[in-house]
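Working notes, beginning with the structure itself.
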Amino acid sequence: MYVYKLELNQFRNYEELSLSFDRNVNLFLGNNAQGKTNLLEAIYLAGMGRSFRTSHDHELIRFGSDFAKVKVYAHRDYLDTQVEIRIKARGKSAADKFIKKDGKPLSKTSQLLSNIMIVIFSPEDLKIVKDEPEKRRRFIDRELCQISPQYYNCYTNYKKSLLQRNTYLKEERIDPEIMDIWDVQLSRYGAVMILMRDAFIKDLSRYSSSIHAGITGGSEFLKLVYEPSVKVCAEAEEQEEAFYSALKKSYDSDVRTRNTGVGPHRDDVSFYVNDIDMRAFGSQGQQRTCALSLKLAELNLIKEETGEDAILLLDDVMSELDASRQEFLIDTMKKNQLFITTTDIDPKILNRFQDAAVFHVKEGKISKEKV
């Protein structure tokens, strides 16, 4: 799978742009705040239907305009696919989003998923091991939503039900029968999420362990452990019952705190290297190696699940990795199309990209050359 063309109109700091890409490596070079990350954001938007930087679509519209348009041309499964996303301003702080795939309008963002497979790796991801649990949950949800429409459906419905339950918990008087309505819905959708997360983390642990051993020369063994707030069961029906029971046990506490205390929104993941907890005792280098192993494992997992080599977006992450990790990353990703943004790159690394397309980015203007 690869993206071969990108067209932008009134997107971020780009008035109008049309770029063709190399099917292997594409480097975007330039100083900060010139528009490099905006290009990766546009590609990601076409794959996921949303930005990886903001949840507010109106922020994607170029200043002074009332719309933005992104069109991405990609090749997969011996076929071409086109995704067009148009964002139209609605007032000063809202926008409507319209999506077309292969010229046909889509009624739901979920219809776009599993079309263009993308993995993003940014400096923020290097903090995933030590940062708050919310970032690890976001990582899990983002990847599972991309490869599984079933998970995306359960995830979106779970979020809606959770919001409604938490809103009701803030009422002055709580009716247990009304609460039960939300408990049933949370149990139904949350049970699927728990089981799919458990399987996902096990697969991710298997891949990342092998990759981590390669990076460290076999001196370190990485293991990922899923930490759900509700015990994992063998079957969906049993899982639903366990979650429902946990919600009932948490009822008094939830009423007192006015918040739902158990469920997938409270889950976490731990990282162990040679049985040492990396969140608590890992060095910065070890934590970054874990994060790199995790991202590369994503690509392997997507390949296993979909048969496609996903596109890897590396947003200003090369400068955060030492030379050995940079080389491992480059050598491992030979089958994947790469989009790399950086302010500078080591000449030794640059020499490895003999056929790369190099784009110099300055104030939303782009010039192209070959290495």
Side-chain angles (χ1 to χ4, degrees), residues 1 47-48 76 110 113-121 125-126 128-129 133-155 158 189-216 218 220-236 238-239 243 264-275 277-279 286-313 328-329 332-333 335-336:
M1 171 177 290
M48 298 294 287
R76 59 163 294 166
S110 58
L113 302 176
S114 301
N115 183 48
I116 301 176
M117 309 300 296
I118 291 174
V119 171
I120 177 77
F121 192 19
D125 292 312
L126 289 168
I128 194 171
V129 176
E134 181 185 358
K135 288 192 176 181
R136 290 182 283 279
R137 289 192 294 268
R138 191 183 306 142
F139 157 74
I140 297 169
D141 292 332
R142 184 172 64 196
E143 303 316 317
L144 274 171
C145 283
Q146 183 173 205
I147 63 179
S148 173
Q150 180 190 14
Y151 186 88
Y152 178 85
N153 178 64
C154 288
Y155 169 71
Y158 181 87
Y189 301 123
V192 176
M193 290 176 64
I194 291 167
L195 290 174
M196 294 189 73
R197 282 180 176 184
D198 182 56
F200 175 74
I201 294 301
K202 287 176 180 175
D203 287 338
L204 205 59
S205 183
R206 173 166 49 91
Y207 279 120
S208 60
S209 176
S210 175
I211 292 167
H212 193 92
I215 298 174
T216 61
E220 294 183 354
F221 176 75
L222 172 65
K223 180 173 67 174
L224 275 58
V225 177
Y226 179 38
E227 297 179 347
S229 65
V230 178
K231 69 172 184 178
V232 179
C233 302
E235 302 293 337
E238 184 185 1
Q239 187 67 66
F243 190 9
H265 61 290
R266 300 289 188 182
D267 290 353
D268 202 353
V269 178
S270 285
F271 299 78
Y272 292 92
V273 171
N274 297 342
D275 295 325
D277 186 350
M278 289 293 100
R279 285 201 325 239
Q286 286 179 310
Q287 291 172 344
R288 290 188 171 196
T289 302
C290 289
L292 177 58
S293 300
L294 195 64
K295 283 294 171 178
L296 297 182
E298 281 185 69
L299 295 168
N300 288 334
L301 193 54
I302 288 174
K303 176 69 173 179
E304 181 181 271
E305 292 291 327
T306 69
E308 291 285 346
D309 290 305
I311 297 159
L312 180 60
L313 310 180
F328 186 90
L329 177 61
T332 305
M333 295 298 97
K335 292 183 179 181
N336 300 82

- Sub-3.5 Å donor-acceptor pair from the side chain of Asp268 to the main-chain atoms of Tyr226, do we have one? no
- Message: Less than 4.5 Å apart, side chain to side chain, heavy atoms only: is that true for Leu292 and Phe121?
- Response: yes
- Interatomic spacing from CD1 in Ile302 to CD1 in Ile118 - rounded to 0.5 Å: 9.5 Å
- For Asp267 and Ser229 the tightest heavy-atom approach is OD1-N, 2.9 Å
- Give, for atom CG of Asn115 and atom OG1 of Thr306, the distance between the pair rounded to the nearest 0.5 Å. 11.0 Å
- Note on the structure: Heavy-atom closest pair (Arg142 atom, Met48 atom, distance to 0.1 Å) is O-CE, 3.5 Å
- Which heavy atom of Ile194 sits nearest a heavy atom of Pro264, and at what distance? CG1-CG, 3.9 Å
- Arg266 side chain vs Val230 backbone, donor-acceptor pair below 3.5 Å: no
- Salt bridge check: are Glu298 and Lys295 linked by an N-O gap of less than 4.0 Å? yes
- Heavy-atom distance under 4.5 Å between the side chains of Tyr158 and Asp141, does that happen here? no
- Heavy-atom nearest pair, Cys233 first then Gln239, reads N-OE1, 2.6 Å
- Got a second to check how far Met193's CE is from Arg137's CZ, nearest 0.5 Å? 10.0 Å
- Query: Does the side chain of Arg136 reach to within under 4.5 Å of the side chain of Phe271, using non-hydrogen atoms?
  - Reply: yes
- For the pair Phe200 and Leu301, evaluate side chain to side chain contact (heavy atoms under 4.5 Å, CB included) and give the outcome as yes or no after the intermediate values. CA-CA 9 Å; Phe200 175 74; Leu301 193 54; 3.1 Å; yes
- Message: Can you confirm whether Met117 sits close enough to Leu299 that some side-chain heavy atom of one is under 4.5 Å from a side-chain heavy atom of the other?
- Response: no
- Task: Work out which heavy atom in Pro149 is nearest to a heavy atom in Ser114; give both atom names and the distance.
- Result: CD-OG, 4.4 Å
- Query: Is any side-chain heavy atom of Phe328 closer than 4.5 Å to a side-chain heavy atom of Ile211?
  - Reply: yes
- Task: Any chance you could measure Cys145, atom SG, to Arg138, atom CZ, to the nearest 0.5 Å?
- Result: 13.0 Å
- Name the one of Gln146, Arg197, Glu143 that satisfies side-chain hydrogen bond (donor to acceptor under 3.5 Å, both in side chains) with Tyr151? Arg197
- Basic-acidic side-chain contact under 4.0 Å: Glu304, Arg206: yes
- Here the pair of heavy atoms bringing Gln150 nearest to Met196 is OE1-SD, 4.0 Å
- Between the CG atom in Leu294 and the CG atom in Leu204, the distance rounded to the nearest 0.5 Å is 5.0 Å
- Query: Between Glu220 and Leu222, is any pair of side-chain heavy atoms under 4.5 Å apart?
  - Reply: no
- Item | Between CG on residue Leu144 and CG on residue Leu113, distance to nearest 0.5 Å | 11.5 Å
- Message: Does any part of the side chain of Ile215, heavy atoms only, come nearer than 4.5 Å to the side chain of Ser293, both counted from C-beta?
- Response: yes
- Message: Quick check against the 3.5 Å criterion: does Asp309 have a side-chain atom that pairs as donor or acceptor with the backbone of Asn336?
- Response: no
- Query: Do any N or O atoms from the side chain of Ser205 and from the backbone of Leu224 form a donor-acceptor pair under 3.5 angstrom?
  - Reply: yes
- Do Val273 and Phe221 come within less than 4.5 Å of each other through their side chains, counting heavy atoms only? no
